[in-house]
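Values in this document were obtained by computation on a predicted structure and should not be read as measured data.
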There are 2 protein chains.
Amino acid sequence: MSIPIYLQIKEKMIDTIRELPANAPIPSERDLAIQYDASRMTVRKSINALVDEGYLYRDSNKGTFVADKVLHKKNTTLEKKDDNRKISYKTIYFDVKASSSEEVQERLNIGPEDSVVRMIRLMLSDDRPQAIEEIYINRLNLSDEEFRNLPKWQDFNAFISKGGLTQRFVPTLVPMQYAHMLELKIHEPIIMVENIVNQKSGKPLIYMKVFNNPKEKVIEITS
Amino acid sequence: MSIPIYLQIKEKMIDTIRELPANAPIPSERDLAIQYDASRMTVRKSINALVDEGYLYRDSNKGTFVADKVLHKKNTTLEKKDDNRKISYKTIYFDVKASSSEEVQERLNIGPEDSVVRMIRLMLSDDRPQAIEEIYINRLNLSDEEFRNLPKWQDFNAFISKGGLTQRFVPTLVPMQYAHMLELKIHEPIIMVENIVNQKSGKPLIYMKVFNNPKEKVIEITS
DNA sequence: TAGTGGTCTAGACCACGAC
DNA sequence: TCGTGGTCTAGACCACTAG
């Protein structure tokens, strides 16, 4: 098995934790080390991961306890929690252009002659409109393979986990051209989230403006 | 010195990192262990903390590198980054009442007879209005000491770090009674952030509604 | 006093990337 | 082949809490 021991233990512990009520104590690190036949440091690494994710919390010199579910961490609006709704996308635009707006050039830190992939799509959950996404990507940052598969992408977690994500929340009125698709009246206040996905080097990779339907999608983060 | 070695090393490394350009490599973990006269695992703990905070990034089998400043993590709208603006608060209301609205009772998970501390204040930066904060706290969760010092509180980080924070972003039009204080026209779209600070047990501790002035305060998170 | 989490050590082996 | 980060071990000492 090539999966690290501490990740295997972590998964087993999640199964155990699910059966326990909030604030119940888990066995001590030394006991768990015996139970899982691993060193205490390895077990500790598993526990630390679960504490970071909000499954457990520690009380120094007392023990480690099961956290309430409301404390499970969700740090960006792009992560999806374990809701069972099926998300689908309907592509409205997909093109590659050399001329992009100054706004896009600035966010992607590119010049006016660089090719930019533009994709505009409607996000649906059970056929109800959740949000409009305007996505801009520097063509040069995509392999041909990635470019071909762009329309099939559901999310950008693969890129975010390799670098970073900055989200800016902008209050605005729903744009006229999107009001109908989101089934909103004009002049309705909404939140537009500007997402910039960065590479590890800090260079911008993806710029995405998300116009959220407040009737359907609650923007929430937990930390 | 009672400060753990890995935290001391972390601080020293931050000083070193500040002098380096983005994407510059730092010495290998084995070299740093010699340099700081500590074990590799201890140095590694320092580095991991810096990676989590976005100061460094790792490239497996290659090395560890200085991250771009845009990647420094800021996971909630309540954290303040190292901007040098002086924040001040002007208290508008401060009282304790047994009768609270159903909304407050629900968020704090309390009954209609429980005493609730209510504080409404204006957040200023260089005399410019940033936001209105409506703060509600179950009186029973505060010691007399904490209650007395409430008006002096700047932030709630001491409580958040002990438990968790959930933030919900609600698009709305600026409430009439706050428009003037925020120097906004009526019918201006703004973001109201609902903050719920939880204890480790999961019980709600603080409920805070923040009406942000979009002209002054950009809501941004990095992760 | 016994048990807990928090820290720390000095080794070890592995997979992978660059040369 | 060599150096890197990633993992893992089997100990150890500490400060603190609860009985």
Side-chain angles (χ1 to χ4, degrees), chain A residues 1-13 16-17 20 23-67 71 143 158 161-164 199-201, chain B residues 1-13 16-17 20 23-67 71 161-164 199-201:
Chain A
M1 192 108 55
S2 69
I3 297 173
I5 296 171
Y6 77 96
L7 287 180
Q8 296 177 35
I9 294 176
K10 183 187 160 196
E11 291 307 313
K12 288 178 192 164
M13 289 186 70
T16 308
I17 288 167
L20 294 174
N23 304 306
I26 66 165
S28 76
E29 297 175 353
R30 288 165 179 85
D31 285 351
L32 288 169
I34 296 169
Q35 180 179 326
Y36 290 119
D37 192 29
S39 76
R40 185 181 156 210
M41 289 304 281
T42 299
V43 168
R44 197 173 159 75
K45 198 167 175 180
S46 311
I47 297 174
N48 281 335
L50 293 171
V51 169
D52 287 344
E53 292 168 26
Y55 284 92
L56 300 173
Y57 66 89
R58 295 181 187 279
D59 249 358
S60 268
N61 314 316
K62 288 194 213 161
T64 304
F65 305 85
V66 177
L71 296 173
S143 67
S161 61
K162 279 194 262 180
Q199 297 169 294
K200 284 195 275 201
S201 65
Chain B
M1 193 108 57
S2 69
I3 297 173
I5 296 172
Y6 78 95
L7 287 181
Q8 297 178 35
I9 294 176
K10 183 187 159 196
E11 292 306 314
K12 288 179 193 166
M13 290 186 70
T16 308
I17 288 167
L20 294 174
N23 303 306
I26 66 165
S28 77
E29 297 176 353
R30 288 164 179 84
D31 285 351
L32 287 169
I34 296 170
Q35 180 180 328
Y36 290 118
D37 192 28
S39 77
R40 186 182 155 209
M41 289 304 280
T42 299
V43 168
R44 196 173 161 76
K45 199 167 175 180
S46 310
I47 297 175
N48 280 337
L50 293 171
V51 169
D52 286 344
E53 292 169 26
Y55 285 93
L56 300 173
Y57 65 89
R58 296 182 186 278
D59 248 356
S60 268
N61 314 317
K62 287 196 218 162
T64 305
F65 305 86
V66 177
L71 295 174
S161 60
K162 279 194 261 180
Q199 296 169 294
K200 283 194 274 201
S201 65

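Minimum heavy-atom separation, N23(B) to F65(B): O-CD2, 3.6 Å. Residue A49(A) comes nearest to K10(A) through the heavy atom pair CB-CD, 4.0 Å, listed as atom of the first residue, atom of the second, then distance. Considering all non-hydrogen atoms of both residues, A33(A) and V43(A) come closest at CA-CG2, 3.6 Å. G164(B) and L71(A) get closest at one heavy-atom pair: CA-CD2, 3.8 Å. Nearest heavy atom pair, residue I5(A) against residue A38(A), reads CG2-CB, 4.4 Å. Across all non-hydrogen atoms, the minimal contact from A67(B) to G54(B) is CB-O, 3.3 Å.
Using a distance-only test at 3.5 Å, with no hydrogens or angles considered, no donor-acceptor pair links the side chain of T42(B) to the main chain of Y6(B).
Rounded to a whole Å, the CD1 atom of I3(B) is 16 Å from the C1' atom of dC14(D). Per the geometry, CZ belonging to R44(B) stands 16 Å off C1' belonging to dT9(C), to the nearest Å. In this structure, R58(A) places its CZ atom 16 Å from C1' of dT17(D), rounding to the nearest Å. Remark: C1' of dG3(C) and CD1 of I34(A) are 13 Å apart, rounded to the nearest angstrom. dG3(D) atom P lies 16 Å from atom CG of L32(B), rounded to whole Å. Computed from coordinates, the Y6(B) OH to dG6(C) C1' distance equals 8 Å when rounded to whole Å. Note: CG (D37(B)) to C1' (dC8(C)) measures 12 Å, nearest angstrom. Here dC8(C) presents its P atom at 16 Å from CD of E29(B), a figure rounded to the nearest Å.
Pairs engaging residues 36-56 of chain A under the ring-ring contact (aromatic ring centres under 6.0 Å, His included) rule: Y55(A)-H72(A) [sequence neighbours left out]. Annotation: salt bridge (Lys or Arg N to Asp or Glu O under 4.0 Å) contacts involving residues 24-37 of chain A, sequence neighbours excluded, comprise E29(A)-R40(A), E29(A)-R44(A), E29(A)-R58(A).
Within the structure, a side-chain polar atom (N or O) of K45(A) is placed less than 4.0 Å from OP1 or OP2 of dT7(D). Side-chain nitrogen and oxygen atoms of S28(A) include at least one within less than 4.0 Å of the OP1 or OP2 phosphate oxygen of dT4(C).
Residues forming a side chain to side chain contact (heavy atoms under 4.5 Å, CB included) with I34(A) (at least two apart in sequence, or on another chain): none.
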Mind listing the N/O atom pairs, protein and nucleotides 10-13 of chain D, below 3.5 Å?
{"from": "dA12(D)", "atom 1": "N6", "to": "R40(A)", "atom 2": "NH1", "distance (Å)": "3.4"}

Using a cut-off of under 3.5 Å, enumerate the N/O to N/O pairs linking the protein to nucleotides 15-19 of chain C.
{"from": "dC16(C)", "atom 1": "O4'", "to": "N61(B)", "atom 2": "ND2", "distance (Å)": "3.3"}
{"from": "dC16(C)", "atom 1": "O3'", "to": "N61(B)", "atom 2": "ND2", "distance (Å)": "3.4"}

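Both the sub-6.0 Å distance and the 45° axial angle are not jointly satisfied by K200(B) relative to the ring of Y57(A).
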How is the base pairing of DNA chain D summarised as a dot-bracket string, given the Watson-Crick and G-U wobble criteria with both distances under 3.5 Å, [ ] for crossing and | for another strand?
||||||||||||||||||.
